[in-house]
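Input: a single structure, listed below in C-alpha cells.
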Amino acid sequence: MHRLIIILVALQMSCALAQDVDQAVVRYTDLRHPVYSTTGMIAAQSKTAADVGAEVLADGGNAVDAAVAVGFSLAVTLPRAGNLGGGGFMLVHDAESDTTTAIDYREMAPPAAHRDMFLDENGNADPELSRFSHKASGVPGTVAGLYLAHRKFGSMPWKRVVQPAADLAREGIVVTRDLANLLESRKERMCRDAATCKYFYKPGAVPYRMGEILVQADLAESLQLIADEGPDAFYRGATAEKIAAEMKRGGGLIDMQALAAYKPVIREPLRGSYRGYEVVTIPPPSSGGVHVLQMLNVLSHFPVAAMGAGSADATHLLAEVMRLAYADRSKHLGDPDFYDVPVDWLTSADYAAELAASIDMKWARPSIDVAPGVAPSPESEDTTHFSVIDTYGNVVSNTYTLNFSYGSAISVAGAGFLLNNEMDDFVSKPGVRNAFGLLGGKANAVEAGKRPLSSMTPTIIFAGGEPWFATGSPGGSRIITTVLQMLVNVIDHGMNLADASNQPRMHHQWFPDELLLESGFSPDTIRLLEARGHIVRPSSRSMGSLQSVAIRDGVFRGASDPRRPNAGASAPAAVDATVH
Ligand code: GLY
C-alpha cells in the first residue's frame, strides 16, 4: 500500500513534469539557496558526480543506484576523498519495507596488524608510519560496501551504475579550482610516491591547472574490471594482485588473503528522538551517531531555540555538551565486534539528564575537570559525504573517506587509485593524540581484523514516520559537531537546508581545551564566551562540508555547503515512474 501511494505520487509528479519540465527543476548557482525539484535530489562534494547520479535517477534508477554511481564517480572527480582504496558508512532508507539499514564498509586492520605496530624503537608513536606509509592502510571497504548496497537495494544492472565512473576516468575530467589548488599545495607529499605523482601531475611533476583535462587511464581500467566482473576483480582478481604487489613493494601488511577476507557489515542503525523528530544515524565503529544522539539528548533539557542561533548562550551550551561527549568518546568507543561499547547507556535519557545537570550556563568547565563517564558495567579532514533522495521515497546518506586528503598519498601502481591511511584512526599509543587531536584507549587499540573508530555521521531525520532530510559531512573530529549543528539549526532554529549549512560553526572536543570558532561570530558573542571562561580560538580552517537533501510537501530540496568549491546539488530533469 505504502509503495502504491509512492508510485501514485511519483506518477503525479511525472505528469506535472511532462507538462512543465523546465519549471519543475529550479537551479540556483548561488549556494545561499537550496536547489528545488520534484524529481529527486542528490547533493555531493563534486557537482559532476552529482550529475551522474541525477542521470541514473532520470533513467528510472532508485536512490541506491544513484548513490552507487555517485560513490564510484567521486573516486574519479574528487580523488582527495572519493575512493576505491578507502571505506565508509551508508544509511539506506528503503521505502518499500519502511526500514532503514546501516552498511558498515569501514576499512579493517589486516591480519598481521598488532597493537604496537606504530611505535618506534623507543616505544614512541611514529605518526609518519601510521599516516604516510604502506602500513597506514586498512583493507579497503568501498567496493564491497557499494556492491552490498546495490545487491540489497539497487534496481538497475550493476554495470549501469559503475560504467559512468569508468567512462569519466577514461575520457578525462575537467580539473576544478578545488582539485588544482589542492594538488598544487600537496605536491611535495604526493610526489614522494612515483605512481601518485604520475597519476595526478603532468610530466616533471607539473600540477594540472584549472580547466585542463585529467585522464586517469589505470583507474579507468580498475573501474572497468569492477563494472564487468563485480567486486571479485578488486578483492581476489587482477586488482587484488596489484594491491598485494604494491604492499609487498612498500612493506605494507595487506596481502591477497587479507583482501579476500574483507566483509562489509549490515548493522542496526541507532535511533533517537529530538523535539518530536526521529533521528536515525550510524552505529559504532563510528562514534558519530552515538555522540550526536547523546548531545541531542542533553540539548533537549535546554531552550535552544529561545537562546537564538549563534548567541553566547547557545554557543556556550553547545561547547559544554561537546566537551562532555568527546570525553566519553576517548574511553568508551571502538569497534563493537571487539569491544563492548555501552551505546544504550551513552544515549540514555538518564545519562543525558545527569550530564545536563552538570552544565553551568555561567561558566565553562575546564576540560581537566571533566573525565569520561563511568558506565554501569573514538585530516586534513577529507572525508566526503553525499545524500540522495528519490521519488519512490528511498533515501541514502553516505560518508566515505581515505582519511587525510589523498589518504597515505601512496597509489597502487598500475591500478590508478590512492590508498587510505585509516590506521591512524586507531590509538597508536594510549595518551597520544591522533591527527585530529583525539585521544583514545584500549577500546580503539590496533588489533588484527578490527575497524578503526570513526567520526563519520551519515544521518536521516524522519518527521511523522516519513523521511524529512538526510545530511552528513567530512571534517575528521569535527564531523560530529558539524552534523549536530545542522540538526540544531534546522530543528531548533527553523532554518532551511542552505541557511543551516551556511551558519558559522564552532567546535569543542574536550582536549585540546579550546573553543574553535569559524569567522562570522560577533565580537560581542566572543567577549561573552571569554567572560564565561572559554579559551576561544579562531579556527584556521573552515569546518566540514555538509551535503544535504530534503523532501517537504512533495518538493525536494538539495543544499551543498559553500565552504568548499565545486560541490553541488543536482536533480534529474524527468523521471519515468512507470519503470518501477
Ligand atoms: N578518518 C576520519 C573518520 O573516520 O572519522
Arg106 (side chain) donor-acceptor with Arg451 (main chain) under 3.5 angstrom: no
Those residues that, when tested against Arg131, pass salt bridge (charged side-chain N to carboxylate O under 4.0 Å, His left out) (two or more places apart): Asp424
Rounded to the nearest 0.5 Å, how far does CG of Leu84 lie from OG of Ser222? 7.0 Å
So, do Ile213 and Val174 sit near enough that their side-chain heavy atoms are less than 4.5 Å apart? yes
Those residues that, when tested against Arg557, pass side chain to side chain donor-acceptor pair (under 3.5 Å) (two or more places apart): none
Given side-chain contact (heavy atoms from CB on, under 4.5 Å), test Leu168 with Ser73 step by step and report yes or no. CA-CA 7 Å; Leu168 274 173; Ser73 296; 4.1 Å; yes
Would you give the length of the straight line joining atom OG1 of Thr239 to atom CG of Leu225, rounded to the nearest 0.5 angstrom? 5.0 Å
Would you compute the distance between atom CD of Glu171 and atom CD of Gln216 and round it to the nearest 0.5 angstrom? 12.5 Å
Can you name the side chain to side chain donor-acceptor pair (under 3.5 Å) partners of Gln163, sequence neighbours left out? Asp167, Gln224
Closest heavy-atom pair and its distance - Asp65, Met156: OD1-N, 3.1 Å
What verdict does the side-chain contact (heavy atoms from CB on, under 4.5 Å) test give for Ile103 and Ile266, after you've listed the backbone C-alpha separation in whole Å, the side-chain angles of each residue and the deciding distance to 0.1 Å? CA-CA 5 Å; Ile103 300 178; Ile266 300 265; 4.2 Å; yes
Can you name the one residue among Glu422, Met247, Glu246 that meets side-chain contact (heavy atoms from CB on, under 4.5 Å) with Ser137? Met247
Assess the residue pair Phe234 and Tyr262 against the criterion (side-chain contact (heavy atoms from CB on, under 4.5 Å)); give the C-alpha distance rounded to whole Å, side-chain angles, the decisive distance to 0.1 Å, and a yes or no. CA-CA 11 Å; Phe234 189 90; Tyr262 183 81; over 6 Å; no
Go through His385 and Thr401 one step at a time and tell me if the side-chain contact (heavy atoms from CB on, under 4.5 Å) criterion holds. CA-CA 9 Å; His385 181 85; Thr401 190; over 6 Å; no
Contact summary for Ala54 and Ser570, nearest pair of heavy atoms: CB-OG, 3.5 Å
Counting only heavy atoms from other residues, nucleotides and ligands, does the tally under 6.0 Å from CZ of Arg192 exceed 12? yes
Side chain to side chain donor-acceptor pair (under 3.5 Å) involving Ser539 - partner list, sequence neighbours excluded: Arg478
Measuring from Asp228:CG to Leu223:CG, what's the distance to the nearest 0.5 Å? 10.5 Å
Can a donor-acceptor pair be found, under 3.5 Å and without considering hydrogens, that links the side chain of Asn394 to the backbone of Asp390? no
Could you check Leu74, Thr383, Asn420 and say which one makes a side-chain contact (heavy atoms from CB on, under 4.5 Å) with Tyr400? Leu74
If we count only N and O atoms by modelled type, under 3.5 Å, do the side chains of His93 and Thr100 hold a donor and an acceptor together? yes
Just grab all the side-chain hydrogen bond (donor to acceptor under 3.5 Å, both in side chains) pairs involving residues 140-154, residues at least two apart or on different chains. Asn83-Thr142
Return yes if some donor-acceptor pair links the side-chain N/O of Arg563 with the main-chain N/O of Ser501 below 3.5 Å, else return no. yes
Against Phe89, only a single residue in Asp104, Thr281, Thr399 fulfils side-chain contact (heavy atoms from CB on, under 4.5 Å); can you say which? Asp104
Which heavy atom of Ala102 sits nearest a heavy atom of Ile282, and at what distance? CB-CD1, 3.9 Å
Any side-chain heavy atom of Gln503 sitting closer than 4.5 Å to one from Gln485? no
Under a 4.5 Å cut-off applied to non-hydrogen side-chain atoms, are Pro565 and Thr176 in contact? no
Could you give the side-chain donor-acceptor pairs of residues 547-554 under 3.5 Å, partners two or more places apart or in another chain?
| from | atom 1 | to | atom 2 | distance (Å) |
| --- | --- | --- | --- | --- |
| Gln547 | OE1 | Ala44 | N | 3.4 |
| Gln547 | OE1 | Ser560 | OG | 2.6 |
| Gln547 | NE2 | Gln45 | OE1 | 3.1 |
| Gln547 | NE2 | Ser545 | OG | 3.3 |
| Ser548 | OG | Thr471 | OG1 | 2.8 |

Name all residues meeting the salt bridge (charged side-chain N to carboxylate O under 4.0 Å, His left out) criterion together with Arg505; count only those two or more places apart in sequence or in a different chain, and write none if there are none. Asp561
Any ion pair linking Lys242 and Asp218 (charged N to carboxylate O, less than 4.0 Å)? no
What pairs with Glu268 under salt bridge (charged side-chain N to carboxylate O under 4.0 Å, His left out), at least two apart in sequence or on another chain? none
Would you say the side-chain atoms of Asp425 pair up with the backbone N or O of Pro452, donor to acceptor, closer than 3.5 Å? no
Donor-acceptor under 3.5 Å (Asn566 side chain, Asp178 main chain): yes
Tell me the salt bridge (charged side-chain N to carboxylate O under 4.0 Å, His left out) pairs involving residues 193-204, sequence neighbours left out? Asp193-Arg249, Lys202-Glu212
Can you tell if the side chain of Leu57 reaches within under 4.5 Å of the side chain of Thr39, non-hydrogen atoms only? no
Would Thr77 and Ser46 satisfy side chain to side chain donor-acceptor pair (under 3.5 Å), going step by step from the backbone distance to the final call? CA-CA 7 Å; Thr77 61; Ser46 152; 3.0 Å; yes
For Thr481, the side chain to side chain donor-acceptor pair (under 3.5 Å) test, sequence neighbours excluded, returns His507
Would you say Thr457's side chain and Ile479's backbone share a donor-acceptor pair under 3.5 angstrom? no
For the side chain of Asn62 and the backbone of Phe153, is there at least one donor-acceptor N/O pair under 3.5 Å apart? yes
Atom CG of Leu183 and atom CE of Met190: how far apart are they, to the nearest 0.5 Å? 5.5 Å
If every non-hydrogen atom of Val215 is compared with every non-hydrogen atom of Arg170, which pair is closest and at what distance? CG1-O, 3.5 Å
Could you give all pairs that pass the side-chain hydrogen bond (donor to acceptor under 3.5 Å, both in side chains) test and reach residues 406-415, with sequence neighbours left out? Thr196-Ser411
Mind checking the CD-SG spacing from Glu188 to Cys197? Nearest 0.5 Å is all I need. 10.5 Å
Ring pair (Phe, Tyr, Trp, His ring centres under 6.0 Å) filter on Tyr277, not counting sequence neighbours, yields Trp468
Do Ser286 side-chain atoms and Pro283 backbone N/O form a donor-acceptor pair below 3.5 Å? no
Heavy-atom check, side chain of Leu259 versus side chain of Pro140, under 4.5 Å: yes
Go through the steps to decide whether Thr99 and Asp94 satisfy the test side chain to side chain donor-acceptor pair (under 3.5 Å), and finish with yes or no. CA-CA 6 Å; Thr99 56; Asp94 177 54; 4.6 Å; no
Check whether any side-chain N or O of Asp59 sits under 3.5 Å from a backbone N or O of Gly61 as a donor-acceptor pair, and report yes or no. no
